[in-house]
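First the proteins, then the strands, lettered A, B, ... as listed; each starts at 1.
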Amino acid sequence: MKPARLTREFFDRSVFAVAPELIGATLLFRGVGGEIVEVEAYHETDPAAHSYGGPRGRNIVMFGPAGYAYVYRSYGIHWCLNFVCEGVGSGAAVLIRALKPVTGLHTMRRRRRTTDERLLCAGPGRLCQALGITGAHYGLALDAPPFELFARTATPAIVTGRRIGITKAVDEPWRYGLAGSRFVSKPFR
DNA sequence: CAGTGGATGCTCT
DNA sequence: GAGCATCCACTGT
């Protein structure tokens, strides 16, 4: 049977419920993508979150309804993709950090200029480059083209750990990964 | 394997 | 002007 599409209702819950359920789900962008193997949760009262301190500038979409894409530029170079969660005003989102590449491998290799499958989507910036996601896709709905999201068909073993690359709230264990996956951006300890 | 530094552009809890 | 939710190339174990 076909996996169910992820709906806006799926995202309209606590980020701490949604984030682990995204491990094993499938993310396609214009038909290119794969299985989500690593994510991180952020929310408004989290000093490490872009939504910390309230709606303003680039974070506006994080305070809108659940089920939309929050895309931001990282270190002036890379794009990073988040899924907005919870209700209007909550400022919550899940950062998509790594995929196991499954569909459109040739396209991903061309965009990433590497043939190393393990490095195609291992990291939020690499993943957006491989899928062709940019700031032009800020605010797009996740339940309509060019996005296609499918629920996982089995419950995988999940590992958690500290989030990567942040300087605030560094001890919060809000990074989730697929246990044993070689496609994560960094090993889980 | 770990650690370091540069690239680069936007926001400023 | 500082500080990034990063990546890559390079160095040294």
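In this structure, A:Phe16 has its ring center closer than 6.0 angstrom to the ring center of A:His43.
For the OP1/OP2 pair of C:dC7 and a distance below 4.0 Å, the side-chain nitrogens and oxygens of A:Arg113 include no atom meeting the criterion. Under 4.0 angstrom from either OP1 or OP2 of B:dC12 there lies no side-chain N or O belonging to A:Arg58. For B:dT11, the OP1/OP2 oxygens have no side-chain nitrogen or oxygen of A:Arg56 closer than 4.0 Å. Applying the 4.0 Å criterion to OP1 and OP2 of C:dC4, one finds that A:Thr167 has a side-chain N or O inside that range. Contact annotation: A:His78 side-chain N/O to C:dC7 OP1/OP2 distance is not under 4.0 Å.
Base orientation of B:dT13: syn (glycosidic angle within 90° of 0).
For the side-chain hydrogen bond (donor to acceptor under 3.5 Å, both in side chains) criterion with A:Gln129, the lone passing option out of A:His78, A:Arg113, A:Arg112 is A:Arg112.
At a cut-off of 3.5 angstrom, the base of C:dA5 holds at least one donor-acceptor pair with the side chain of A:Tyr72.
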I'd like a list of close polar pairs between nucleotides 11-13 of chain C and the protein, N/O only, cut-off under 3.5 Å.
none

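When heavy atoms are screened at a 4.0 angstrom cut-off, A:Arg112 is found touching the sugar-phosphate backbone but no base atom.
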The dot-bracket string of DNA chain B, counting Watson-Crick and G-U wobble pairs with both distances under 3.5 Å, using [ ] for crossing pairs and | for pairs to another strand, is |||||||.||||.
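Applying the side chain to side chain contact (heavy atoms under 4.5 Å, CB included) rule to A:Asp116 yields the partners A:Thr114, A:Arg118, A:Leu119; only residues at least two apart in sequence or on another chain are considered.
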